[in-house]
Amino acid sequence: MTRRPQVCLEIERDLVAAATGDAEPGAACRVEQHIDSCGACRGEFHRYREIEGVVGALRRVPSAVDSVARAREGLESRLADLKSRLVSYRVFPSPLGRILIARSEHGVSLVEYLDGGTDLRTSRLRRVTGVELQEDGAEIEALYRELMEYLRGDRTRLEWPLDLRLARSDFHRSVLRATAAIPYGAVTSYAGIAAEIGKPAAARAVAQALRWNPLPIVVPCHRIIGTSGALTGYSGDKIGLKQQLLAVEGIQAIGTRSESRVARNMLYHYARNDQHEYCLPTCGDIARRPIGPVTLLASRELAGSMGLVPCRDCRPDLHPLAA
Amino acid sequence: MWRARRPFHIRARAVSLLMMGAQPFETIVGAHHAEIYRYLRRVTSRTTEAEDLSQETFLRAYRAYRTLGPDANVRAWLFAIATNLSRNHFRSEKRRRVAHQAMSVESREADPGGPEHEARFGEARTLLESTVQGLPLRQRLAFVMRKIHDLDYEAIGRSLDCSAESARAHVFQALRKIRLNLDGHELPPAGGVEHPLRMEQPR
């Protein structure tokens with residue numbers, strides 16, 4: 001057992017701090033005065049100075065570069081794995097009921113209506129395997145703010161990066177991509193999307209795929225209806241929400257629930273033609289032709305932004321529909 | 001409930017929502033990984049533990065870094081995570097003892113030695129290292145954060161869930177034990193310029 005070094009107790013803390021370069025203002029001064037008159041403490045002070053020298057040497061020891069690199073390599077691979085698994089989410093109130101928004105590193109991966117007996121525990125999010133869920137704050141809040149602007153009609157686009165990994169198949173993803181391309185204020189049909197992705201006979205499969213749209217509103221499946229103009233369905237049985245979403249874009253529906261259909265007489269019509277002309281609903285038999293081959297448009301501005309020109313027979317430029 | 005539709009030409013501004021406010025995480029890793037690894041290497045003594053804990057530190061940081069404020073001290077925050085993880089890791093006294101025993105074998109192997117003028121410190125340094133390894137955990141963590149990584153006592157206190165004053169006391173106790181352990185060993189004389197007597201001149 002080594003002998004306990006002697007140091008004056010009242011000054012010990014300050015002495016150690018001063019000797020190791022860590023003294024608070026004032027303390028160093030007291031220590032200086034004290035060791036001038038106390039030989040034992042002067043010895044201790046120098047001993048601690050020596051120790052500080054060794055600590056300095058320890059501080060300067062370079063760490064083995066290869067072991068740092070190895071740890072970094074391991075980190076990069078675990079980080080990549082975490083990034084691919086981590087999904088953050090939050091639930092918000094909205095005019096359409098409670099809405100869950102979830103995003104991954106790649107983009108927004110799920111938007112889900114949480115009403116009618118669906119809550120977080122029964123959310124689709126809980127059924128996704130191999131993900132790590134995390135309730136998030138600020139970032140999803142920003143998405144939510146944009147969504148609210150959109151639902152108020154103050155914003156026509158949600159330019160969110162999307163993560164389509166929750167889609168069930170390549171077919172599902174191609175349906176979602178084609179749907180995402182339908183602009184604000186335009187309406188087409190399931191058959192129209194089927195034709196768009198090169199599978200004209202697959203209208204029913206398209207409808208089924210959109211029933212499981214993991215990103216409603218963002219991927220605007222509410223803009224897809226039956227060829228006759230009937231709203232058909234939305235996210236299960238939420239046809240009222242479909243009506244609301246279309247109304248925001250200036251597309252009115254008539255009739256109730258299962259009977260409801262878009263009011264074609266209040267919309268411009270575009271039947272694919274080489275002149276890129278769009279028409280009034282009163283132009284020939286255009287209002288009786290199936291939706292899909294015919295796209296419905298809420299405004300002349302929209303038609304213009306799609307590169308369309310007014311029909312030279314019915315002249316929608318001279319006879320605008322009542323807004 | 002619904003307000004009238006705005007004209008179509010009002011387009012949303014493109015904002016990268018995924019990167020809002022925070023610096024990219026890769027920047028944080030690049031700036032701090034090596035130091036956090038060294039810190040953990042110093043307090044755990046085994047390479048594999050330091051590797052694992054440093055990785056765990058950054059995985060935790062990744063989960064939370066978006067919530068950091070713009071003025072957050074990222075470095076101190078990472079030290080706090082690493083410190084927390086080491087404390088959990090060493091909660092079992094048995095593990096700590098095993099690590100202590102392993103140290104004497106491994107740290108010398110991993111030690112690259114250093115430049116020639118450091119050679120005079122060689123023996124004393126090894127002795128200091130093993131003394132540090134034998135310190136109670138909180139003293140060891142406080143000592144390494146203060147003396148090797150130069151963190152301030154506020155940050156050390158936050159890492160250890162104690163006041164800055166207690167953090168200072170931990171470092172003091174650590175130095176006292178080191179002083180006792182090195183008693184009777186000849187140390188290289190203090191350089192004299194290495195540390196001025198006062199850090200700050202009293203005004």
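Reminder, nothing fancy here: chain letters follow the sequence lines and each chain counts from 1. Predicted model only: the values in this text are computed from it and were never measured.
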Which heavy atom of B:Arg168 sits nearest to which heavy atom of A:Asp22, and what is that distance? NH1-O, 3.1 Å
Please classify the contact of A:Ile51 with chain B as side chain, backbone, both or neither, using a heavy-atom distance under 4.5 Å. both
Assess whether side chain to side chain contact (heavy atoms under 4.5 Å, CB included) is satisfied between B:Val29 and A:Arg72, documenting all intermediate values. CA-CA 9 Å; B:Val29 174; A:Arg72 175 75 181 264; 3.4 Å; yes
Taking A:Gly74's backbone N and O only, do any of them form a donor-acceptor pair with B:Glu51's side chain (distance below 3.5 Å, no angle check)? no
Given heavy-atom pairs under 4.5 angstrom as the criterion, report whether the side chain, backbone, both or neither of A:Leu82 touches chain B. side chain
Is there side-chain contact between A:Glu52 and B:Lys147, with at least one heavy-atom pair below 4.5 Å? yes
Does any backbone or side-chain atom of B:Asp150 lie under 4.5 Å from a heavy atom of chain A? Answer side chain, backbone, both or neither. neither
Taking the side chain as every heavy atom from C-beta outward, state whether A:Tyr48 and B:Arg176 have any atom pair closer than 4.5 Å. yes
When rounded to the nearest 0.5 angstrom, what is the spacing between CZ in A:Arg13 and CG in B:Leu175? 11.5 Å
Do the side chains of A:Val68 and B:His33 get nearer than 4.5 Å, heavy atoms only? yes
Count the heavy atoms belonging to other residues, nucleotides or ligands that lie under 6.0 Å from CD of A:Glu132, then report whether that count exceeds 12. yes
Answer yes or no: is there a side-chain heavy-atom contact under 4.5 Å between A:Leu79 and B:Phe25? yes
Please step through side chain to side chain contact (heavy atoms under 4.5 Å, CB included) for the pair A:Glu76 and B:Phe58, ending with a clear verdict. CA-CA 10 Å; A:Glu76 298 294 353; B:Phe58 281 90; over 6 Å; no
Applying side-chain contact (heavy atoms from CB on, under 4.5 Å), can you list everything that pairs with B:Ala155, at least two apart in sequence or on another chain? B:Ala76, B:Leu151, B:Asp152, B:Arg158
Chi angles and distances behind the side chain to side chain contact (heavy atoms under 4.5 Å, CB included) call for B:Ile148, A:Arg60: CA-CA 9 Å; B:Ile148 307 295; A:Arg60 290 189 297 271; over 6 Å; no
Would you mind checking which part of B:Ala50 comes under 4.5 Å of any heavy atom in chain A, side chain (CB onward), backbone (N, CA, C, O), both or neither? neither
To the nearest 0.5 Å, what is the distance between CD (B:Gln55) and OG (A:Ser77)? 7.5 Å
Within a strict 4.5 Å, meaning less than it, do heavy atoms of the B:Thr47 and A:Arg70 side chains meet? yes
Would you compute the distance between atom CG of A:Leu75 and atom OH of B:Tyr37 and round it to the nearest 0.5 angstrom? 12.5 Å
Would you say B:Arg125 and A:Val55 make side-chain contact, with heavy atoms under 4.5 Å? no
Would you give the length of the straight line joining atom NZ of A:Lys83 to atom CZ of B:Arg63, rounded to the nearest 0.5 angstrom? 13.0 Å
Carboxylate-amine/guanidinium proximity below 4.0 Å for A:Arg47 and B:Glu186: no
Toward chain B, the part of A:Gln134 with a non-hydrogen atom under 4.5 Å: side chain
Turns out that what part of B:Leu187 lies under 4.5 Å from chain A's heavy atoms comes down to both
